[in-house]
Amino acid sequence: MQINNFEKFIAAVSSGKCASGMVITFSDPAVSELAGDAGFDFTWIDMEHSPLTITDVSNHIMALRGTDCAPFVRVAGNDPALIKPVIDLAPAGIIIPMIKSAGELENAVSACRYPPEGTRGCGLRRAVNYGTKSTGEYFRESEKEPLIIAQIEHIDAVRNLDEILKVKHLGSICVGPYDLSGSMNKFAQPDDPEVGKVIDEICAKAHRAGVMAGAFVSDIGEWKHRNLNWAAVTTDYGALFRNSQDMISKLNNPKEALK
């Protein structure tokens, strides 16, 4: 849908680049507008680990209209009651956390697609441009939107990955390094060599299956060999904090500022 820049995100990935994104946790929609103007390809609006309300999410999604940036939303869990109000806002993608099996993903897909492919309830509002788009056109678009993104962040998901990747309508997987490391008894050790090998396996299998692979990455250089299709490279608070530290450092060390 043009309203959510879905096509622009797909075009960016199809060009061979790694699409870049920012995780959104602040409630002010100006943060999303800024992300779009800064040149990010997508935002990751986070309802799982931030205090954002459904109204906040709606405002963030609308703030990207008129930019080239596509809004993704991570819901708090794999529950139709949590998914339904979000997809009615017409995001470009929806991230479902902690998918461990094909059956769990099938349930998520069902909540995101209309019959006969799924069980999604019909709510027509923003997705039909409030009435300017025909329902027929919208329903055709809804066959492929939103992009359904399964978060692979548990060793059980890795064991079931072959079957997960076969689920119809899966658009992308998203690696969750920290939770994955915790499920491997290596909590908060995403850079552990054993965890790294598992992440390599996840990405390689996704690519072989023709499924996009993405992640939140703190150092894109360390992930370069995994050939991610998209990567969230910062959070809103992280970008603000690091830039603030950098400015303070330059103020206190003027010689460094001249380098």
query = Counting heavy atoms not belonging to F187, are there more than 12 under 6.0 Å from its CZ?
reply = no
ask   = Do V75 and E48 have side chains that get closer than 4.5 Å, going by heavy atoms?
value = no
ask   = With a 4.0 Å cut-off, would you call K250 and D246 a salt bridge?
value = yes
ask   = Taking only residues two or more places apart in sequence or in another chain, which ones pass salt bridge (Lys or Arg N to Asp or Glu O under 4.0 Å) with K17?
value = D41
task = Using atom types as modelled and distance alone, determine if a side-chain donor or acceptor of H225 lies under 3.5 Å from a backbone N or O of D200.
result = no
query = Does the side chain of E222 reach to within under 4.5 Å of the side chain of V217, using non-hydrogen atoms?
reply = no
ask   = For residues W230 and S172, is any side-chain donor paired with an opposing acceptor at under 3.5 Å?
value = yes
inquiry  = Just so I know, are the side chains of D68 and F40 near enough to count as touching, which here means a heavy-atom distance under 4.5 Å?
reply    = no
Using distance only, find each side-chain donor-acceptor pair of residues 56-64 under 3.5 Å and give its atom names and separation, not counting sequence neighbours.
residue : atom : partner : partner atom : Å
D56     : OD2  : T53     : N            : 2.9
D56     : OD2  : T53     : OG1          : 3.1
N59     : ND2  : T55     : O            : 3.4
H60     : ND1  : S32     : OG           : 2.8
H60     : NE2  : F26     : O            : 2.7
H60     : NE2  : S27     : O            : 3.4

task = Could you note down all residue pairs passing side chain to side chain donor-acceptor pair (under 3.5 Å) where residues 148-162 supplies at least one of them, sequence neighbours left out?
result = R74-Q151, D156-R159, D162-K205
remark   = Grouping ILVMFWY residues whenever side-chain heavy atoms fall under 4.5 Å, the cluster of M98 otherwise contains none
message = Tell me whether M47 shares a hydrophobic cluster with I148, the cluster being built from Ile, Leu, Val, Met, Phe, Trp, Tyr side chains joined at under 4.5 Å.
response = yes
request  = Identify the heavy atoms of I87 and A111 that sit nearest to each other, and give their distance.
outcome  = CD1-O, 3.3 Å
remark   = Sequence neighbours excluded, the answer for side chain to side chain contact (heavy atoms under 4.5 Å, CB included) partners of A232 is V23, F42, W44, F216
ask   = Are D46 and T235 close enough that some pair of their side-chain heavy atoms sits under 4.5 Å apart?
value = no
message = Can you confirm whether C122 sits close enough to L124 that some side-chain heavy atom of one is under 4.5 Å from a side-chain heavy atom of the other?
response = yes
query = Are K224 and D219 ion-paired here, with the side-chain N under 4.0 Å from a carboxylate O?
reply = no
inquiry  = I'd like to know if E137 and R140 make a salt bridge, using a cut-off of under 4.0 Å between side-chain N and carboxylate O.
reply    = no
task = Would you please name every residue forming a salt bridge (Lys or Arg N to Asp or Glu O under 4.0 Å) with K133, sequence neighbours left out?
result = E141
query = Which atom names give the shortest non-hydrogen contact between A150 and L105, and what distance separates them?
reply = CB-CD1, 3.9 Å
inquiry  = According to side chain to side chain donor-acceptor pair (under 3.5 Å), does anything in residues 98-113 pair up with another residue at least two apart or in another chain? List the pairs.
reply    = S110-T119
key: salt bridge (Lys or Arg N to Asp or Glu O under 4.0 Å) involving K168 - partner list, sequence neighbours excluded   = E117
task = For the residue pair Q2 and N129, confirm or rule out a side-chain donor-acceptor distance under 3.5 Å.
result = no
ask   = Do T234 and R242 have side-chain N/O donor and acceptor atoms under 3.5 Å apart?
value = yes
For V175 against C203, the heavy-atom pair lying closest together = CG2-SG, 4.2 Å
ask   = Hey, does D88 have a side-chain heavy atom less than 4.5 Å from the side chain of R126?
value = no
query = Partners of Q189 by side-chain hydrogen bond (donor to acceptor under 3.5 Å, both in side chains), sequence neighbours excluded?
reply = none
key: Where N5 and C69 come nearest, the two heavy atoms and their spacing   = ND2-O, 2.7 Å
key: Shortest non-hydrogen separation from G123 to Y114 and the atoms involved   = N-OH, 4.0 Å
key: Sequence-distant partners of K144, side-chain hydrogen bond (donor to acceptor under 3.5 Å, both in side chains), two or more places apart   = none
ask   = Does A239 offer a backbone N or O that forms a donor-acceptor pair with the side chain of N243 under 3.5 Å?
value = no
ask   = Does Y237 have any ring pair (Phe, Tyr, Trp, His ring centres under 6.0 Å) partners at least two apart in sequence or in another chain, and if so, which?
value = none
key: Joint hydrophobic cluster, I99 plus Y178, side-chain heavy atoms closer than 4.5 Å   = no
query = Counting distance only, does the side-chain N/O of T67 pair as donor-acceptor with the main-chain N or O of D37 below 3.5 Å?
reply = no
Contacts of type side-chain hydrogen bond (donor to acceptor under 3.5 Å, both in side chains), residue D236, not counting sequence neighbours = T25
key: S244 (side chain) donor-acceptor with L240 (main chain) under 3.5 angstrom   = yes
key: Sub-4.5 Å side-chain heavy-atom contact between C112 and I94   = yes
